[in-house]
Amino acid sequence: MSESKTKRVLTGITSSGKPHIGNILGAILPAIELSKDDSAESLFFISDLHSMTTIKDGKARVEYRNAIAATWLAFGFDYESNLFYRQSKVPQVTELTWYLNCFTPFPMLNNAHAFKSKADNLSDVNAGLFTYPVLMAADILLYDAHVVPVGKDQKQHLEMTRDIAKSFNHQYGEVFVVPEASISENVMQVPGTDGRKMSKSYNNYIDMMASKKQLRKQVMGIVTDAKTLEEPKDPDNCLVYDLYKLLATEEETKAMHDNLLAGGYGYGHAKNELLDKILTGFAKERELFNHYMDNIDLLEKALNIGEEKARDIANAKLKKVRSLLGY
């Protein structure tokens, strides 16, 4: 760790699909802002091993992983001052996972939310899903992470990580840093095109990096009521307006608000304004994203820098753990 940076902040980036507007506004931009803290070293990893619990298609995994990396770089993550790496490129994490498995009580995993939500149909549960929290613990403990930003749904897994670390430390001394959770109460809630939370699993997302044609189709698919062009509309019950105000200035937001109330302004007009806001407001990021996706060697170069650093940290930690365990 750099002498000027006194703590490590670690964030895992899901690789179960391409990032959408909800991911970008709710997670990527806030995390990149957090990474600019000069007192902390940020470790951002693409959790492509975790994706194995659901995704078995290797080509899809590569596509998603590249799209995620390209998105983070397009939005300006400084991969040279911090660490940016693929989980699978630091296989030491799987070795540590086995050691930690042997310190993890069965009832702890049996009570994990991710497992319990599917426990009624155990044929759908693979062993990877059951031991998912242990791999997550290894992700964190391998790098002596001090702070882990997590959503409320991941708080339980972070508590498990803390318990596993304490159990190991109780027997072998202060081997692992016991991490603290950083839970934001102000995570941006981005609605999907159907009004539910934007999610790939609901297929209600808007892919900011998609082609103009695909993006138009997604935006035009936003659910609205049946009011005619002439009728006044309620901005507070308009999904198009809800999404637009997340991207627009105060003046632009007020203009759409007033237009909806006045009538003579259709949902098609509002959708076209939203589409234009995405295309023009994120033109630079869209261009950079496509540049990286067309030049995978640039992605590899950026990721290799972080992966080399990550392996150095991992090897040092594993050497200590192996010695204590008699390996």
For the pair Trp72 and Phe44, name the ring-plane relationship: parallel under 30°, tilted 30 to 60°, perpendicular over 60°. perpendicular

Gap separating the CG atom of Leu129 from the NE2 atom of His50, nearest 0.5 angstrom: 11.5 Å

Closest heavy-atom pair and its distance - Ile46, Ser15: CG2-CB, 3.7 Å

For the atom pair OG1 (Thr11) and CG (Asp139), what is the distance rounded to the nearest 0.5 Å? 11.5 Å

Can you check whether Lys319's main-chain N or O pairs, donor with acceptor, with Ser323's side chain at less than 3.5 Å? no

For residues Tyr172 and Phe168, establish whether the separation of their ring centroids is below 6.0 Å. yes

Starting from the C-alpha separation in whole Å, work towards a yes-or-no answer on side-chain contact (heavy atoms from CB on, under 4.5 Å) for Lys166 and His170. CA-CA 6 Å; Lys166 289 176 182 177; His170 179 73; over 6 Å; no

Test salt bridge (Lys or Arg N to Asp or Glu O under 4.0 Å) on Arg86 and Glu307; report intermediate values, then the result. CA-CA 7 Å; Arg86 290 160 290 197; Glu307 286 156 6; 2.6 Å; yes

Who are the side-chain contact (heavy atoms from CB on, under 4.5 Å) partners of His113, not counting sequence neighbours? Gln156

Which atom pair, heavy atoms only, marks the closest approach of Ile222 to Lys271? O-NZ, 2.9 Å

Name every donor-acceptor pair, under 3.5 Å, that has one atom in a side chain of residues 235-250 and the other anywhere in the protein, sequence neighbours excluded.
residue	atom	partner	partner atom	Å
Asn237	ND2	Asp234	OD2	2.5
Thr249	OG1	Glu252	N	3.1
Thr249	OG1	Glu252	OE1	3.3

Which residues pass the salt bridge (charged side-chain N to carboxylate O under 4.0 Å, His left out) test with Asp48, sequence neighbours left out? Arg65

Is the shortest side-chain heavy-atom distance between Thr6 and Glu41 below 4.5 Å? no

Examine distances only and state if a side-chain atom of Arg286 and a backbone atom of Leu279 form a donor-acceptor pair shorter than 3.5 Å. no

Indicate the atoms forming the closest heavy-atom contact of Met198 with Tyr205, along with that distance. CG-CA, 3.5 Å

Taking only distance into account, with no hydrogens and no angle test, what donor-acceptor pairs under 3.5 Å do side-chain atoms of residues 258-268 form with protein atoms, sequence neighbours excluded?
residue	atom	partner	partner atom	Å
Asp258	OD2	Lys254	NZ	2.8
Asn259	ND2	Ala255	O	3.1
Tyr265	OH	Glu273	OE2	2.6
Tyr267	OH	Asp225	OD1	2.8
Tyr267	OH	Asp225	OD2	2.9

Partner residues of Phe45 under the ring pair (Phe, Tyr, Trp, His ring centres under 6.0 Å) criterion, sequence neighbours left out: Tyr85

For Asp194, what residues pass the salt bridge (charged side-chain N to carboxylate O under 4.0 Å, His left out) criterion, not counting sequence neighbours? Arg196

Applying side-chain contact (heavy atoms from CB on, under 4.5 Å), run through Val175 and Leu324 and close with a yes or a no. CA-CA 9 Å; Val175 179; Leu324 290 168; 3.4 Å; yes

Minimal non-hydrogen separation, Glu231 against Ala226, with atom names: OE1-O, 4.5 Å

Hey, are the side chains of Met293 and Met209 touching, using non-hydrogen atoms and a 4.5 Å cut-off? no

Are Lys155 and Ile183 side-chain neighbours, meaning at least one heavy-atom pair lies under 4.5 Å? yes

Fit a plane to each ring of Phe106 and Phe130, take the angle between them on a 0 to 90° scale, and name the class: parallel (under 30°), tilted (30 to 60°) or perpendicular (over 60°). tilted

